[in-house]
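This report concerns only the one structure given below.
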Amino acid sequence: MEAIDKPPPPYPGYLDRMFSAVARDVARAEPLRSEHDGAPADLRHAVTAAVERLAGDLVALSHDIHEHPELGFAEHRSVRTVADLLARHGRDAEVGAYGLDTALRATAGAGRPRVAVLAEYDALPGIGHACGHNVICATAVGAFLALAEAAGDLGGSVELIGTPAEEGGGGKELIAQAGGFDEVDAVVMLHPAGFEVAAHPWIGVRTVDVTYTGLSAHASAMPFLGRNALDAAVDAYTGMAQLRQHMLPTDRVHGIITDGGQKPNIVPERAALTFYLRSAEPETLSVLADRAREIFEAAAAMTGTSVEIGWDPTPVYLPVRNNAPLTARWAENVAARGRRALAEGVVPGALTGSTDLGNVSVRVPSIHPTLAVAPPGVTIHNPDFAEHAASAEADKGVVDGAIGLALTAADYLADAALRDAVAADFQAAGGRLDVAALLS
Ligand SMILES: [Zn+2]
Ligand SMILES: [Zn+2]
């Protein structure tokens with residue numbers, strides 16, 4: 001068999017320059033400040049001390065989840081481990097909440113305002129906890145247990161919601177559809193990363209499966225009897241590639257051909273593609289989807305085939321709407337732990353992905369800061385990140401992150417002026433979106 005050499009690696013200078021520019025901007029960045037006082041000092045001390053007492057259990061939980069990676073909707077052991085730890089601290093949890101086997105719900109305190117702390121615990125196929133959801137889980141559990149101890153003094157209530165299948169399954173959208181966020185006033189969670197960013201532009205993503213059906217025929221003897229479904233798929237792929245030049249700079253499209261026929265001498269009767277479409281706003285995501293649909297239909301018209309367009313076999317992930325006043329409280333709270341959480345825009349927005357927290361954030365004011373547990377060049381979903389997610393740095397992050405989340409939630413519960421500012425910011429950003437109507 002003939003082989004050609006591997007292509008040379010892409011020019012590395014661009015990435016090097018980008019990371020040195022980021023390092024320079026990070027060094028110059030002003031710390032993010034809050035205009036609000038948050039919870040009183042005695043409560044802050046009590047909540048911080050409660051997390052510190054839990055530190056051993058939280059780090060052990062992080063490692064336990066890390067060592068037993070489970071895929072989305074199959075996180076049976078992980079969710080059980082969380083429930084067992086809660087039980088050891090006298091807190092009941094419902095496993096299988098919201099009609100999802102691996103979702104969890106626990107509450108402390110009573111009534112409104114109510115803050116939910118979200119835990120993820122799913123892993124990636126083949127590379128385990130390379131997204132560091134073990135750290136998300138341990139910080140959320142720590143924040144909940146600390147807040148539960150202080151609930152009587154804080155007023156209102158706090159919930160821990162274990163959200164399955166962030167990696168593609170959209171557990172948070174399913175929980176939202178089951179009413180899980182209807183009685184929640186604010187949501188806090190974090191994500192480990194290579195950067196410490198208070199608010200990052202996580203973009204939305206839709207999945208579309210496109211299937212073309214043509215007519216099969218002998219490709220040499222009677223091609224005129226055939227209609228080539230693979231030609232339609234190639235036209236669709238090319239059309240999307242041509243769209244790429246003229247879409248918004250924050251949009252992303254990427255696709256593969258999942259079925260390209262059976263044999264060269266048979267005109268393919270069936271061909272199929274899957275595309276991801278990503279955009280920075282719910283509205284621009286809709287526009288991108290409309291343009292893609294026109295391309296898929298045009299490819300069918302060009303080739304005399306029929307097309308089936310299957311949108312969102314798994315839930316859409318909407319862009320994250322970061323709540324500014326709550327994000328500023330987070331930044332102040334982790335600053336006290338020696339962490340400088342950067343304002344949006346310091347780290348390039350192009351270094352981004354998607355999360356189903358987006359779907360929550362357009363229903364309830366939310367934060368989704370990142371916690372640095374790895375060097376800036378190590379991104380999530382890189383196999384190396386899995387090692388960083390169980391490192392000494394990550395263990396320190398578990399404690400700092402749990403304190404940051406707990407204090408931010410305590411600030412919200414204890415400071416009425418902050419709650420007003422959070423609500424005003426949420427309304428100014430478009431208020432509660434009707435997600436079902438948006439995607440219909
Ligand atoms: Zn991930
Ligand atoms: Zn993740």
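Order of listing sets the numbers, starting from 1, for every ligand and every atom in it.
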Under 3.5 Å: donor-acceptor pair, side chain of N359, backbone of V316
yes

Within this structure, what is the OG-CG distance for the pair S366 and N322, rounded to the nearest 0.5 Å?
9.0 Å

Is a side-chain N or O of Y121 found less than 3.5 angstrom from the main chain of T102, in a donor-acceptor match?
yes

Please report, to 10°, the angle around the Zn ion (ligand 1) from atom SG (C131) across to atom NE2 (H381).
100°

Looking at R363 and E173, is any side-chain nitrogen of the basic one under 4.0 Å from a carboxylate oxygen of the acidic one?
yes

Between the Zn ion (ligand 1) and E167, which N, O or S atom of the residue is the nearest one?
OE2

Taking the Zn ion (ligand 2) as the vertex, what is the angle from NE2 of H191 to NE2 of H133, given to 10 degrees?
110°

